[in-house]
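As the structure is a computational prediction, the values presented were derived from the model and not from experiment. Only this structure's heavy atoms are used, side chains among them; waters, hydrogens and symmetry mates stay out.
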Number of protein chains: 2
Amino acid sequence: MFAIGEASKRSGVAIETIRYYEREGIVIKPARGDNGRRAYSEKEIGQLRFIKRCRDLGFTIKDAQALLSLGEQQDENCKIAHDMSKAHLESVREKIESLRQLEKALEELMGNCASGNLQCPLLDRLHAD
Amino acid sequence: MFAIGEASKRSGVAIETIRYYEREGIVIKPARGDNGRRAYSEKEIGQLRFIKRCRDLGFTIKDAQALLSLGEQQDENCKIAHDMSKAHLESVREKIESLRQLEKALEELMGNCASGNLQCPLLDRLHAD
DNA sequence: CTTGATCCTGTAGTTACTACAGCATTTATA
DNA sequence: TATAAATGCTGTAGTAACTACAGGATCAAG
């Protein structure tokens with residue numbers, strides 16, 4: 001069994017975040033030692049690591065929980081996980097696209113705006129009716 | 001003078017959001033009619049529109065306020081606005097890049113995961129030590 | 001005169017954490 | 001063994017930028 005600091009190091013999840021996950025019921029409560037301190041098993045640390053990976057991939061906590069619970073069933077798991085990932089991938093692609101447009105708009109806005117101007121075309125554009 | 005609903009339509013900022021901006025001191029308080037209702041001038045509506053445009057471009061509220069206040073000074077405005085936009089553009093590009101990596105990781109994760117599997121490679125990867 | 005639209009204030013919820021304060025306990029060092 | 005540093009605990013509040021009511025007042029149209 002591992003203390004919370006060790007669980008944090010092994011899973012990559014910050015200590016405060018681990019306690020937050022517990023408060024919110026995102027992970028089950030770990031056992032406590034005689035001193036009242038949390039004691040994590042390898043399996044519990046694995047779950048934290050799983051959630052961390054999902055979050056790093058941009059899944060929401062809810063999605064991470066859903067994906068985690070798939071591990072405990074047997075049927076259709078792969079299809080469900082695949083579908084969730086597909087939906088997520090699509091939303092990632094949409095975000096990329098809208099950021100690209102934003103990039104373009106900013107580039108355009110900055111285009112004819114040199115440093116020495118007194119009347120700023122960039123600000124003018126933002127102010128226009 | 002225009003009521004808040006009209007100001008919302010003309011600026012594109014939602015009514016609740018306009019009141020929120022006022023509460024937070026992001027815009028100055030508009031005049032009130034005898035009935036106690038908010039009354040907006042063209043200029044105030046213009047400011048709301050300005051903030052809306054900045055937000056749509058991904059600037060923070062703080063940046064939007066800073067850019068707005070540049071309109072009331074005379075010197076160096078263009079350089080400051082340009083620099084802020086440049087910094088913002090860079091952060092947009094960083095976001096795009098990290099989303100691209102995420103896209104790639106998701107694609108890879110989904111790659112060898114067909115719908116019929118009982119043991120899901122995608123979930124396995126997420127669970128791996 | 002009634003109905004529906006619009007407006008008001010005030011409060012709480014959203015997402016996923018992060019940052020203390022104030023205290024108890026444990027581990028390492030002298 | 002005494003002390004200092006590290007780690008742990010609970011509980012609360014803050015972050016960004018809104019959004020969503022509840023419960024009421026007022027206004028405009030027919």
Do [X] and [Y] sit within salt-bridge range, that is, some charged N less than 4.0 Å from a carboxylate O?
X	Y	result
B:Glu6	B:Arg10	yes
A:Glu24	A:Lys29	no
B:Glu97	B:Arg100	yes

Hey, does the side chain of [X] come within less than 4.0 Å of [N]'s phosphate (OP1/OP2), counting only N and O?
X	N	result
B:Arg19	C:dC8	yes
B:Arg38	C:dC8	yes
A:Thr17	C:dT18	yes
B:Tyr21	D:dC18	yes

For a quick check, tell me whether the side chain of B:Arg37 and the base of C:dT6 share a donor-acceptor pair closer than 3.5 Å.
yes
Within the modelled atom types, does a donor on one side and an acceptor on the other bring the side chain of B:Glu16 and the base of D:dC21 under 3.5 Å apart?
yes
May I have the distance from [X] (atom [atom1]) to [N] (atom [atom2]), rounded to whole angstrom?
X	N	atom1	atom2	answer
A:Glu24	C:dT15	CD	P	10 Å
B:Tyr20	C:dT9	OH	C1'	18 Å
B:Met1	C:dC7	CE	C1'	16 Å
A:Phe2	D:dG8	CZ	C1'	17 Å
B:Lys52	D:dC18	NZ	P	9 Å
B:Ile18	C:dT9	CD1	C1'	16 Å
A:Ile26	C:dT15	CD1	C1'	10 Å
A:Ile51	C:dT15	CD1	P	16 Å

Map B:Asn35 and B:Lys62 onto DNA chain D by nearest heavy atom, then report which one ends up closer to the 5' terminus.
B:Lys62
So, the side chain of [X] versus the backbone of [Y]: is there a donor-acceptor pair under 3.5 Å, distance only?
X	Y	answer
A:His88	A:Leu57	yes
A:Arg38	A:Arg19	no
A:Ser85	A:Ala81	yes

Which listed nucleotide ([options]) is nearest to the side chain of [X]?
X	options	result
A:Arg55	C:dC17, D:dC18, C:dC7	C:dC17
B:Ala14	C:dT26, D:dT19, D:dT26	D:dT19
B:Ile4	C:dT25, D:dG8, C:dC8	C:dC8
A:Arg32	D:dG8, D:dT10, C:dT9	D:dT10
A:Thr60	C:dA16, C:dT26, D:dG8	C:dA16

Assuming nearest nucleotide by heavy-atom distance, tell me which of A:Ile61 and B:Arg23 is located more 5' along DNA chain C.
B:Arg23
